[in-house]
Amino acid sequence: MLSERHKEIAGKIWEIANRLRGPYRPPQYRLVMLPMVVLRRFDCVLEPTKDAVLDEHKRLVAAKTAENALPRLLTKVVDAKRKQPLYNTSPYTFGKLLGDSENIAPNLVAYINGYSDTARRIFEKFKFGEQIEKLDASNRLFNIVKAMSEIDLHPNRISNLEMGYVFEHLVMRFNEQANEEAGDHFTPREVIRLMTHLVYTGEEDVYRPGVYREIYDPACGTGGMLSVSEETIRAGNQAANLGLYGQEYNDESWAICCSDMLIKDEETDHIVLGDTLGDGKTFDGFQGRQFHFMFANPPFGVEWKDQQKVVTKEHEELGFGGRFGAGLPAINDGSLLFLQHMISKMHPSPENGGDGSKIAIIFNGSPLFSGDAGSGPSNIRRWIIENDWLDAIVALPDQLFYNTGIFTYVWLVTNRKKPERRGKVQLIDGTRFFQKMKKSLNNKRNELSEAHIDRLTEIYGNFRDGEKERVQINGEREERVVSRIFENPEFGFLKVTVERPLRQNFEATPERIARLDDQTAFANLAVSKKRKDAEAAAAEEKAGQEEQDAIRVMLATLAKGGRYMDREAFEADLDRAAKRAGRKLPTPMKKAIFAALGERDPKAEMCRDSKGAPEPDSELRDTENIPLPRGTKLPLPMQFGPDMPNDELLAAMKPAIDAYIEAEVLPHVPDAWVDYSKTRVGYEIPINRHFYVYKPPRPLADIEKDIITLEGEIAELLKGLT
């Protein structure tokens, strides 16, 4: 978290922001302060070489140097080693702007226009020009610039990583003022540090001098994951060559991220502005690209309706040739789309001649279990697990994020598992690894210490089933299992539909015959389709009513048969009665009569279809979730999608299904059977269940004793009132 010095800097910036009150409401402070902080940081970086840049620019223009050569030549004056253009050719700095207070607005615009192209684009995305006019009109501009000029934001004083903390703190406070949704939160840096520690555990190659690795974040925000990831690798390998890539759809966050990349001399072209999933106007900015390491904290619990058309089209037309072949999640949470997107950008596995890739992504609890067997979310989990890509899931404490207090989970996904981890998934319970913050920040009341990060990383690296840790629970230290290892098939199950026969008795009582009026086929007899000819319609309706009366009379003749306990016998008498009345009953009318005159009766004979097979009772229909047998060979032989054939699956799993039904179902309902055609495969990851510890309730005698004591105390208090 922020050190005291960084808190002091963030506090000063917030004090300056409060001077905007009046022309701006607190939720609008960010419109001024975020670009102003970036501008001041650029100013601090460039001020030492300002005069040299102006002299060189004057010389190059006089020499009629080609326009496209200027950026490279002027950047070398700022720093001979710098590759990305960052310079300013205007005569202004923050200090010089203050020397002409009457013209500060046009001079500030000229100052911004004097920056190199990428820097200017950053301020365009901030829409800072609009705010300069407003600040000047409200007589706030000079004082804001003057106050900012007194804050030293040079990288020698505050590093890029530290500046990230300051931005994080400011953005959090601005979001708090604007009452942002829980899904639009920023990732605390200690959570990112945990993610990077987990991802790079066992990755010896990243610490090899001269190695080149590319890191990608498809929802990069202000670039925190890219920055911390870079810091983590460089802490152990200064000679590493790293390419940082990201995409962000929010203009403001993109501008902050690009400013950070520009100061660090990273490729700003590698940070793409647009919607990663695709909203019809912007698309995946890295189509066809692959990355070694990927990190993301995508918006969860957020609808993806804006992307639905593009995503659904890709899913239906490209299948596994696109990004979303496994399925689509519910429309109210698109987080699993980001994971599929990232998997599509993995390098081929080492077994297939590639480097492989590793992913860390933060989810809420929904992707663990949402969706029924055969649904989009379940199929996505199935696709990941059956391909042996899911490496581990770490459950994090609640109240860890600024704008939401829910529990979150880090998923580690890779196609280059170590031999000992293949075919297995590690679940880690990190929900007790936290310390209370001295002062909460909105919903963030807990934080991870370095010791917590190191220990969770160690547990992941140990890869031991049943590893224990003494953790704090309700103020007491208890030893709990914090690591469990499972075989991949243990997360799968077969959802089997169990049918029971329809059993009905039939009786032609006046009450049951009256129910015919509620049956569509019977009621439609008295409804005319001749809407344009009123006379013809009335005649048709009258004829229909007469036919209804005739059917009622015919059915009344069956009353002498009493209660039928067999539908076959009732149908035979019904056919004879219809023949005597000279009527022919079509199948829909017969079904209407059965529905009206029949009542469920467990003592009746089962109803059968035309082929003699038992007819299922929809009200008694049930499902059983049958765990996949241990040792099941994955992937299972079943195509993805709810309407795909599953003959191969049934051939492989029928013995296991039959054994389960015989042992668990038939002893209780001997007439049940399985509708094999409805069998579906499901996957869920009930991580909380695997770490649940049962605690028996207190003895009743102790509870009674406490109640008696409390009653006595209440009685004494009441005496004082009376």
- Which heavy atom of Val482 sits nearest a heavy atom of Lys468, and at what distance? CG2-C, 4.2 Å

- Give the C-alpha distance, both sets of side-chain angles, the deciding distance and a yes or no for side chain to side chain donor-acceptor pair (under 3.5 Å) between Asp429 and Tyr692. CA-CA 10 Å; Asp429 181 11; Tyr692 173 73; over 6 Å; no

- Message: Applying side chain to side chain contact (heavy atoms under 4.5 Å, CB included) to Lys678 and Arg621, what does each step give before you reach the verdict?
- Response: CA-CA 12 Å; Lys678 295 178 181 175; Arg621 182 174 293 140; 3.8 Å; yes

- Message: Using 0.5 Å steps for rounding, measure from the NE2 atom of His452 to the OG1 atom of Thr457.
- Response: 12.5 Å

- Measure from NZ or CZ of Arg381 to the centre of the six-membered ring of Phe491 and say whether it is under 6.0 Å with the direction within 45° of the ring axis. no

- With a cut-off of 6.0 Å (strictly less than), are more than 12 heavy atoms of other residues, nucleotides or ligands near CD of Glu479? yes

- Salt bridge between Glu458 and Arg455, side-chain N to carboxylate O under 4.0 Å? yes

- Scanning both residues in full, the closest heavy-atom pair of Pro348 with Asn415 reads C-ND2, 3.9 Å

- Query: So, Lys281 and Asp306, do they make that salt bridge, N to O below 4.0 Å?
  - Reply: no

- Aromatic ring pairing Tyr564/Phe570, orientation class (parallel under 30°, perpendicular over 60°, tilted between): perpendicular

- Are the side chain of His315 and the backbone N or O of Phe324 linked by a donor-acceptor pair below 3.5 Å? yes

- Answer yes or no: is there a side-chain heavy-atom contact under 4.5 Å between Trp411 and Leu368? yes

- Message: Regarding Arg382 and Glu386, does a basic nitrogen lie under 4.0 Å from an acidic carboxylate oxygen?
- Response: yes

- Query: Can you find a pair of side-chain heavy atoms, one from Ser229 and one from Phe293, that are under 4.5 Å apart?
  - Reply: no

- Item | Chi angles and distances behind the side chain to side chain contact (heavy atoms under 4.5 Å, CB included) call for Thr408, Phe401 | CA-CA 9 Å; Thr408 52; Phe401 288 79; 3.3 Å; yes

- Task: Measure across Ile459 and Ser483 and return the closest heavy-atom pair with its distance rounded to 0.1 Å.
- Result: CG2-CB, 3.8 Å

- Does Gln472 CD have over 12 foreign heavy atoms under 6.0 Å away? yes

- Expected output: side-chain Gln340 to main-chain Gly327 donor-acceptor under 3.5 Å: yes

- Task: State which residue, out of Arg563, Arg567, Arg515, fulfils the salt bridge (Lys or Arg N to Asp or Glu O under 4.0 Å) condition with Glu599.
- Result: Arg515

- Glu469/Arg432 ion pair, N-O < 4.0 Å: no

- Query: Does some side-chain heavy atom of Leu634 sit less than 4.5 Å from a side-chain heavy atom of Leu636?
  - Reply: yes

- Message: Treating Ser378 as the side-chain partner and Gly371 as the backbone partner, does any N or O pair qualify as donor plus acceptor under 3.5 Å?
- Response: no

- Note on the structure: Between Pro501 and Pro614 the two heavy atoms that sit nearest each other are CB-CB, 4.4 Å

- Query: Heavy atoms, side chains only, cut-off 4.5 Å: are Tyr409 and Ile687 in contact?
  - Reply: yes

- Item | Side-chain heavy atoms of Ile593 within contact of Phe506, under 4.5 Å | no

- Contact summary for Lys590 and Glu571, nearest pair of heavy atoms: NZ-OE2, 3.0 Å

- For side chain to side chain contact (heavy atoms under 4.5 Å, CB included), just list the numbers for Phe433 and Val471, CA-CA rounded to whole Å, side-chain angles, deciding distance to a tenth of an Å, and then say yes or no. CA-CA 7 Å; Phe433 289 71; Val471 295; 4.3 Å; yes

- Considering only NZ, NE, NH1 and NH2 on the basic side and carboxylate oxygens on the acidic side, decide whether Arg500 and Asp671 come within less than 4.0 Å. yes

- Query: Ion pair present between Glu568 and Arg608, side-chain N to carboxylate O less than 4.0 angstrom?
  - Reply: no

- Identify the two heavy atoms, one from Gly288 and one from Lys345, that lie closest to each other, and give their separation to 0.1 Å. N-NZ, 4.2 Å

- Between Asp333 and Ser335, is any side-chain donor less than 3.5 angstrom from a side-chain acceptor? yes

- Item | Basic-acidic side-chain contact under 4.0 Å: Arg480, Glu478 | yes

- Task: Could you check if a side-chain atom of Asp284 sits within less than 4.5 angstrom of a side-chain atom of Arg323, using non-hydrogen atoms only?
- Result: yes

- Decide if atom CG of Leu700 counts as having more than 12 heavy atoms of other residues, nucleotides or ligands within a radius under 6.0 Å. no

- Are any non-hydrogen side-chain atoms of Glu624 and Glu664 less than 4.5 angstrom apart? no

- Task: Find the distance between CD (Glu499) and CG (Asp617) and round it off to the nearest 0.5 Å.
- Result: 9.0 Å

- Parallel, tilted or perpendicular, as decided by the 30° and 60° cut-offs, for the rings of His690 and Phe486: tilted

- Query: For Asn488 and Tyr683, does a side-chain donor sit closer than 3.5 Å to a side-chain acceptor?
  - Reply: no

- Below 4.0 angstrom, N of the basic side chain to O of the carboxylate: do Arg416 and Glu203 qualify? yes

- Message: Applying salt bridge (charged side-chain N to carboxylate O under 4.0 Å, His left out) to Asp465 and Lys424, what does each step give before you reach the verdict?
- Response: CA-CA 11 Å; Asp465 184 41; Lys424 299 180 175 66; over 6 Å; no

- Query: Any side-chain heavy atom of Glu190 sitting closer than 4.5 Å to one from Leu400?
  - Reply: yes

- Query: Between the side chains of Gln426 and Arg421, is a donor N or O closer than 3.5 angstrom to an acceptor N or O?
  - Reply: yes

- On the 0 to 90° scale, with breaks at 30° and 60°, tag the Trp383-Phe320 ring pair as parallel, tilted or perpendicular. tilted

- Message: For Asp372 and Ser375, which I'm curious about, is there any donor-acceptor pair between the side chains at under 3.5 Å?
- Response: no

- Item | Candidate pair Ile393 and Phe363, rule side chain to side chain contact (heavy atoms under 4.5 Å, CB included), full reasoning | CA-CA 10 Å; Ile393 296 177; Phe363 285 147; over 6 Å; no

- Item | Heavy atoms from other residues, nucleotides or ligands near CZ of Arg422 exceed 12 (cutoff 6.0 Å) | yes

